[in-house]
Q: 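Supplied in structure tokens, the structure appears directly below.
Please read these numbers as outputs of a predicted model, since none were measured by experiment. Atoms within a ligand are numbered from 1 in the order they appear, just like the ligands themselves.
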Amino acid sequence: MLACDSMLKKLSILSKDEIELMKKSCRLAARTLEHVKPYVKAGITTNEIDQIIHDYILSHGATPSPLGYHGYPKSSCTSVNSVVCHGVPDETLLREGDIINVDVTTFYQGFHGDTSATFMVGAVSDKARDITQVAFDCMMKGIEAIVPFGTTGDIGFAIDKYATRKGYTTVKDIGGHGIGRIFHDEPFIPSYGKKGKGPSLVPWRCFTVEPMVNETSASLEEYDIPHSSIKWYKTEDNTLSAQFEHTVLVTDTGYEILTVPS
Ligand code: MF3
Ligand code: CO
Ligand code: CO
């Protein structure tokens, strides 16, 4: 592909029809997450969670974006406790007290919809409950900072300010992304930053807000996934990490969260 083609693709805004398709894909992603939630209980394996997600997406005429993406072997990511992101479903059994981020991305009629939530398995520690709540609140603070022609730095600033105030740290090297016909597009949406800095938030384009919130400032350990260029990450000191993700549309007056079930 010519450089100018990819530039045009990245800079183009969505038409009314494209927005409708994007909304459908995002709604399916949200419904998938809602569908799998009651299964996220002690005794299930992350492979079984992945299979439920895979089957639900296929039965609704879509495909799971992660499957085969840069060699990624599964249909979802399941990140338990100290796993920060891109946890690969396997034979791991969930246990009471775990927290698990389940990340679902659908590809429907040419558009990707990306959403994740951290679920608590049975009764969890106060610490686990608190970091899960703070991760959700950080995502919402980031989303609420979106204004048309604002900047990615406005979002990151709001996220990091809240996390820091609550005694947590945000992951700096991994974050949200433009999304639409391309799974991971520009701009990068950081979970830290300065107000007014970074790329402009252009109306009628979509991106994700997906802060990863960590219990300590320990660095991340990076692990290879066999036959894939995707890496998975965990906290070096094995402390907790939690995350939520929505896909949002920037409008001419603000934003719309697209990864909602109805
Ligand atoms: N859904 C993840 C995100 O929020 C990306 C997963 S890529 C995969 O961006 F290959 F690991 F599935
Ligand atoms: Co994403
Ligand atoms: Co995701």
Q: Are any protein N/O atoms closer than 3.5 Å to the N/O atoms of ligand 1? If there are, list each pair with names and the distance to one decimal place.
A:
residue  : atom  : partner : partner atom : Å
ligand 1 : 1 (N) : Asp103  : OD1          : 3.0
ligand 1 : 1 (N) : Asp103  : OD2          : 3.2
ligand 1 : 1 (N) : Thr105  : OG1          : 3.2
ligand 1 : 1 (N) : Asp114  : OD1          : 3.2
ligand 1 : 4 (O) : Asp103  : OD2          : 3.2
ligand 1 : 4 (O) : Asp114  : OD2          : 3.1
ligand 1 : 4 (O) : Glu210  : OE1          : 2.9
ligand 1 : 4 (O) : Glu210  : OE2          : 3.2
ligand 1 : 4 (O) : Glu245  : OE1          : 2.9
ligand 1 : 4 (O) : Glu245  : OE2          : 3.1
ligand 1 : 9 (O) : Asp114  : OD2          : 3.4
ligand 1 : 9 (O) : His177  : NE2          : 3.0
ligand 1 : 9 (O) : His184  : NE2          : 2.7

Q: Check whether Glu96 reaches the backbone of Ala123 with its side chain - one donor and one acceptor, N or O, closer than 3.5 Å.
A: yes
Q: His184 and Tyr69: aromatic ring centres closer than 6.0 Å?
A: yes
Q: Using 4.0 Å as the upper bound for N to carboxylate O, is an ion pair formed by Lys234 and Glu222?
A: no
Q: Out of the N/O/S atoms in Asp114, what is the name of the one closest to the Co ion (ligand 3)?
A: OD1
Q: Report the hydrophobic cluster partners of Ile159, with the cluster defined as I, L, V, M, F, W, Y residues connected by side-chain heavy atoms closer than 4.5 angstrom, directly or transitively.
A: Phe136, Met139, Met140, Ile143, Ile146, Ile155, Ile189, Leu201, Phe207, Val209, Phe244, Val248, Val250, Tyr255, Ile257, Val260
Q: Verify the ring-centre separation between Tyr192 and Phe157: is it less than 6.0 angstrom?
A: no
Q: Decide, counting backbone as well as side-chain atoms, whether Glu210 has an N, O or S atom less than 2.8 Å from the Co ion (ligand 3).
A: no
Q: Does the side chain of Thr46 come under 3.5 Å of the side chain of Asp90 through a donor N or O and an acceptor N or O?
A: yes
Q: In degrees, rounded to 10 degrees, what angle do Glu245 atom OE2 and His177 atom NE2 make at the Co ion (ligand 2)?
A: 130°
Q: Can you confirm whether the side chains of Thr106 and Ser25 place a donor and an acceptor under 3.5 Å from each other?
A: yes
